[in-house]
Participant: 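What follows is a structure written as structure tokens; I'll ask about it next.
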Amino acid sequence: MDTTYFGRKFGLMVFMDNTTKAVLYYAIVSHETNSAYKQGIDHLASLGVDVQSITCDGRRGLRTLFTYTPCQMCQFHQVQIVTRYLTRRPKNIASIELRRLTLDLTQLNKADFIEHLDYWLLTHEDYLNERSTNEDTGRSWYTHKRLRSAYRSLRTNSDWLFTYQEYGHLDIPNTTNSLEGLFSELKRQLHSHHGLSEQRKLRFIKDFLGSKSLK
């Protein structure tokens, strides 16, 4: 499940079945919220859909809503998060090595990843904890805030970056790439109909998703 936006006007939240690639449910939303995802899952359950696992973008607090359902954070989204903090071409060695480890996510299991992350911290902890001080006020802060944020994201999310390996029998996707592909196709088709009013655009989206739904 994931949400994409069409400018600042509205977003499209979609729930897709990983096996059939069929759209199970969608909603037009103004904002991506955990409660909207919860409503979507509850709606599917009310229809008798057996939700065996969830792959999502890793929104804060989302996993705690589905304590009885295996949840996988999209590894591609995790790479994007780290890249936003460190850029694609970080300059210092600590950032270079942390981004390199992040890019290896799909090649590692949970134990190996945590071992590598622990070793990275052991190697770069002094640099990570460097502080800068304002000589006039005496106020201090962490010098490498973005690096700390990238590390904290990886550490916090490590518990659900490898769910797909822990439940191998469920064939859980480790990314939301199939859904991203659907979004890209929809936006390409919409672009070829440039100039549609918002009402007609919404009708186009509904027709498009209808053609991708289970019959």
Side-chain angles (χ1 to χ4, degrees), residues 1-5 11-29 32-83 100-118 150-186 208-215:
M1 60 189 191
D2 201 2
T3 299
T4 190
Y5 288 91
L12 174 66
M13 182 175 288
V14 177
F15 298 70
M16 173 188 279
D17 177 66
N18 179 54
T19 302
T20 64
K21 309 305 180 190
V23 173
L24 301 176
Y25 173 75
Y26 68 90
I28 303 299
V29 296
E32 182 182 22
T33 64
N34 291 346
S35 61
Y37 281 121
K38 181 69 164 55
Q39 289 172 11
I41 292 296
D42 289 346
H43 176 73
L44 291 177
S46 73
L47 297 177
V49 176
D50 180 18
V51 180
Q52 295 185 336
S53 69
I54 297 170
T55 299
C56 56
D57 65 3
R59 282 179 55 81
R60 181 177 300 178
L62 193 58
R63 184 175 54 152
T64 60
L65 295 178
F66 308 109
T67 54
Y68 299 105
T69 305
C71 289
Q72 167 70 39
M73 177 178 174
C74 173
Q75 291 184 335
F76 178 68
H77 277 78
Q78 181 64 74
V79 172
Q80 288 182 311
I81 291 170
V82 171
T83 299
R100 185 180 299 147
L101 174 58
T102 305
L103 294 176
D104 287 341
L105 265 175
T106 59
Q107 310 302 319
L108 298 171
N109 58 42
K110 183 177 181 179
D112 287 343
F113 175 77
I114 292 178
E115 181 180 346
H116 283 73
L117 193 59
D118 287 344
Y151 166 74
R152 186 168 57 249
S153 175
L154 288 168
R155 181 66 74 181
T156 301
N157 294 333
S158 61
D159 281 341
W160 61 323
L161 283 169
F162 301 94
T163 306
Y164 76 105
Q165 295 176 352
E166 298 169 15
Y167 296 86
H169 63 289
L170 293 180
D171 192 27
I172 301 174
N174 64 323
T175 71
T176 57
N177 286 356
S178 294
L179 199 44
E180 296 296 336
L182 180 79
F183 291 154
S184 294
E185 181 185 353
L186 170 58
F208 175 87
L209 295 176
S211 70
K212 305 294 182 181
S213 302
L214 286 172
K215 304 302 182 183

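As the structure is a prediction and not an experimental result, all values here were calculated from the model.
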Participant: Going by atom types alone, do Y26 and S213 pair a side-chain donor with an acceptor below 3.5 Å?
Facilitator: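 Absent: no donor and acceptor within the cut-off.
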Participant: Sub-3.5 Å donor-acceptor pair from the side chain of S153 to the main-chain atoms of A150, do we have one?
Facilitator: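 A pair under 3.5 Å: no.
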Participant: Determine yes or no for a side-chain-to-main-chain donor-acceptor pair under 3.5 angstrom, with S53 supplying the side chain and P70 the backbone.
Facilitator: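 A pair under 3.5 Å: no.
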Participant: Less than 4.5 Å apart, side chain to side chain, heavy atoms only: is that true for D104 and F113?
Facilitator: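 Side-chain contact under 4.5 Å: no.
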Participant: Taking all non-hydrogen atoms of both residues into account, name the closest pair between Y164 and L108 and its distance.
Facilitator: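 Answer, listing the atom of Y164 first, then L108: OH-O, 4.4 Å.
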Participant: Identify the two heavy atoms, one from F66 and one from C71, that lie closest to each other, and give their separation to 0.1 Å.
Facilitator: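 Closest approach of F66 to C71, heavy atoms only: CB-SG, 3.8 Å.
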Participant: Quick one: CE on M73 to CG on L105, what's the gap to the nearest 0.5 Å?
Facilitator: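 It is 9.0 Å, given to the nearest 0.5 Å.
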Participant: Using the ring of each side chain (for Trp, its six-membered ring), is F15 parallel, tilted or perpendicular to Y37, with breaks at 30° and 60°?
Facilitator: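 Rings of F15 and Y37: perpendicular, over 60°.
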Participant: Just checking, is any N or O donor in the side chain of T102 or Q78 under 3.5 Å from an acceptor N or O on the other one?
Facilitator: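 Result is no, nothing qualifies.
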Participant: Do N34 side-chain atoms and R59 backbone N/O form a donor-acceptor pair below 3.5 Å?
Facilitator: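 Not at all, since once roles are kept as given, no pair shorter than 3.5 Å links the two residues.
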Participant: Nearest 0.5 Å, what's the OG1-CZ distance between T55 and F76?
Facilitator: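 Rounded to the nearest 0.5 Å, the OG1-CZ separation comes to 15.0 Å.
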Participant: Looking only at non-hydrogen atoms, find the nearest pair between K38 and L65 and report the distance.
Facilitator: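 Scanning both residues completely, I find the closest heavy atoms to be CE-O, 3.9 Å.
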Participant: Taking the inter-plane angle between the rings of H169 and Y167 on a 0 to 90° scale, is it parallel (under 30°), tilted (30 to 60°) or perpendicular (over 60°)?
Facilitator: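 The arrangement is tilted - the two ring planes meet at 30° to 60°.
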Participant: Distance from I81 atom CD1 to C74 atom SG, nearest 0.5 Å?
Facilitator: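 Reported to 0.5 Å precision, the distance equals 9.0 Å.
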Participant: Determine the sole option in T176, T175, N177, N174 for which the side chain to side chain donor-acceptor pair (under 3.5 Å) test with Q75 is passed.
Facilitator: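 Of the listed options, the one satisfying the test is N174.
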Participant: Answer yes or no: is there a side-chain heavy-atom contact under 4.5 Å between M1 and I41?
Facilitator: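 SC-SC contact between M1 and I41 confirmed.
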Participant: Determine whether a donor-acceptor pair (N or O, by modelled atom type, separation under 3.5 Å) exists between the side chain of H43 and the backbone of Q39.
Facilitator: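 No.
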Participant: NZ/K21 to CG/L179 distance, rounded to the nearest 0.5 angstrom?
Facilitator: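 CG of L179 is found 10.0 Å from NZ of K21.
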Participant: Would you check, one step at a time, whether the test salt bridge (Lys or Arg N to Asp or Glu O under 4.0 Å) holds for D118 with R155?
Facilitator: CA-CA 9 Å; D118 287 344; R155 181 66 74 181; 2.8 Å; yes
Participant: Using 0.5 Å steps for rounding, measure from the CG atom of L161 to the OG1 atom of T106.
Facilitator: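 Reported value, rounded in 0.5 Å steps: 11.5 Å.
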Participant: Could you tell me the separation between the CD atom of E32 and the CG atom of D57, rounded to the nearest 0.5 Å?
Facilitator: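 Going from CD on E32 over to CG on D57, the span is 4.5 Å.
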Participant: Is the backbone of C56 close enough, under 3.5 Å, to the side chain of Q72 for a donor and an acceptor to pair up by distance?
Facilitator: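 Not confirmed, Q72 side chain does not pair with C56 backbone.
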Participant: Are the side chains of H116 and R100 in contact, using a 4.5 Å heavy-atom criterion?
Facilitator: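 Of all side-chain heavy-atom pairs linking H116 with R100, none is under 4.5 Å.
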Participant: Which heavy atom in K110 sits nearest to a heavy atom in S158, and how many Å separate them?
Facilitator: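 Scanning both residues completely, I find the closest heavy atoms to be CE-O, 3.7 Å.
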Participant: side-chain contact (heavy atoms from CB on, under 4.5 Å) with L12: which of I28, D2, T3?
Facilitator: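 Answer to the side-chain contact (heavy atoms from CB on, under 4.5 Å) test with L12 among I28, D2, T3: I28.
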Participant: Taking C-beta and beyond as the side chain, do L182 and F208 meet within less than 4.5 Å on heavy atoms?
Facilitator: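 A side-chain contact under 4.5 Å exists here.
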